[in-house]
Amino acid sequence: MSSVHETIPWARHANYAASKGGSGMLMRTLAQEVAQERIRVNALAPGAIATDINADATKGDAADALLELIPYGRIGESDDVARAALFLVSDAADYIIGSTLTVDGGMSLYPGFRDNGRPRLETLPRPARSRLASGLEQVLALARL
C-alpha cells in the first residue's frame, strides 16, 4: 500500500513521503524480479480517504479545504480503494505489472496548476487578495495612460 505522497511532496512529513516513495521503488523492483514467473506485483496509492485515522482532515471545515485539492469534488471512501484492489487482483488486470494505481479523485494532478500555477483570486487569503487586487488596479491604470 502506497499513497499519493509517493509522488506528491508533503512539507513537514518527509519521513512519510520518503517511505511511500521507497515503497513504490520496492514494489517495482519486486515486480521486475518475479514477473517472469507470472507473479504480478502492483501498488495502490490512495489519496484523501475518509477513515478513522484521518477523520480530523475529512470532516467539517477541514474537509472543505481538502476538497480544494480534489478535482473530482469528493473525498474518497474505503470502498473506492477496495474496488481498485479487487481490480488489481482480478484477471482483468492480468497485464498490469509493476504499476501504482492511484485512487485519489485527481488529487495527484496538482489542481493548483489548473490555471498555469496562478492562484485563483477567491482562494487567496484576504490580505493577499487585497494586495493583488490593488496591484492589478495599478497595472490597469498605467495601461490606460
task = Would you confirm whether Ser90, through its side chain, and Ala92, through its main-chain N or O, come within 3.5 Å as a donor-acceptor pair?
result = yes
Heavy-atom closest pair, residues [X] and [Y]:
| X | Y | value |
| --- | --- | --- |
| Ser78 | Ala50 | OG-O, 4.2 Å |
| Ser3 | Lys20 | CB-CG, 3.7 Å |
| Thr100 | Ala45 | CG2-CB, 3.5 Å |
| Met1 | Ser23 | O-OG, 4.3 Å |
| Pro46 | Ser2 | CD-O, 3.4 Å |
| Ala93 | Arg40 | O-NH1, 3.0 Å |

Of all pairs that satisfy ring pair (Phe, Tyr, Trp, His ring centres under 6.0 Å), the ones with a partner from [range], not counting sequence neighbours:
| range | value |
| --- | --- |
| residues 65-101 | none |
| residues 3-26 | His5-Trp10, Trp10-His13, Trp10-Tyr16 |
| residues 29-59 | none |

What I'd like to find out is whether the side chain of [X] reaches to under 4.5 Å of the side chain of [Y], using heavy atoms alone.
| X | Y | value |
| --- | --- | --- |
| Ile39 | Glu33 | no |
| Asp94 | Arg38 | yes |
| Asn42 | Leu101 | no |

Atom pair [atom1] ([X]) and [atom2] ([Y]), whose distance is rounded to the nearest 0.5 Å:
| X | Y | atom1 | atom2 | value |
| --- | --- | --- | --- | --- |
| Ile96 | Leu88 | CD1 | CG | 6.0 Å |
| Ser99 | Leu44 | OG | CG | 11.0 Å |
| Leu30 | Ile97 | CG | CD1 | 12.5 Å |

Answer with yes or no whether the hydrophobic clustering places [X] together with [Y]; edges join I, L, V, M, F, W, Y residues whose side-chain heavy atoms lie under 4.5 Å apart.
| X | Y | answer |
| --- | --- | --- |
| Leu67 | Leu69 | yes |
| Leu26 | Val41 | yes |
| Ile70 | Ile8 | yes |

inquiry  = According to side-chain contact (heavy atoms from CB on, under 4.5 Å), who are the partners of Ala63, at least two apart in sequence or on a separate chain?
reply    = Ile75
query = Got a sec, which residues hit side-chain contact (heavy atoms from CB on, under 4.5 Å) with Arg83, two or more places apart in sequence or on another chain?
reply = Asp79, Asp80
Can you give me every donor-acceptor pair (side chain of residues 53-62, partner residue at least two apart or in another chain, under 3.5 Å) with its distance?
residue	atom	partner	partner atom	Å
Asn54	OD1	Thr51	N	3.1
Asn54	OD1	Thr51	OG1	3.2
Asn54	ND2	Ile49	O	2.9
Thr58	OG1	Asn54	O	3.2

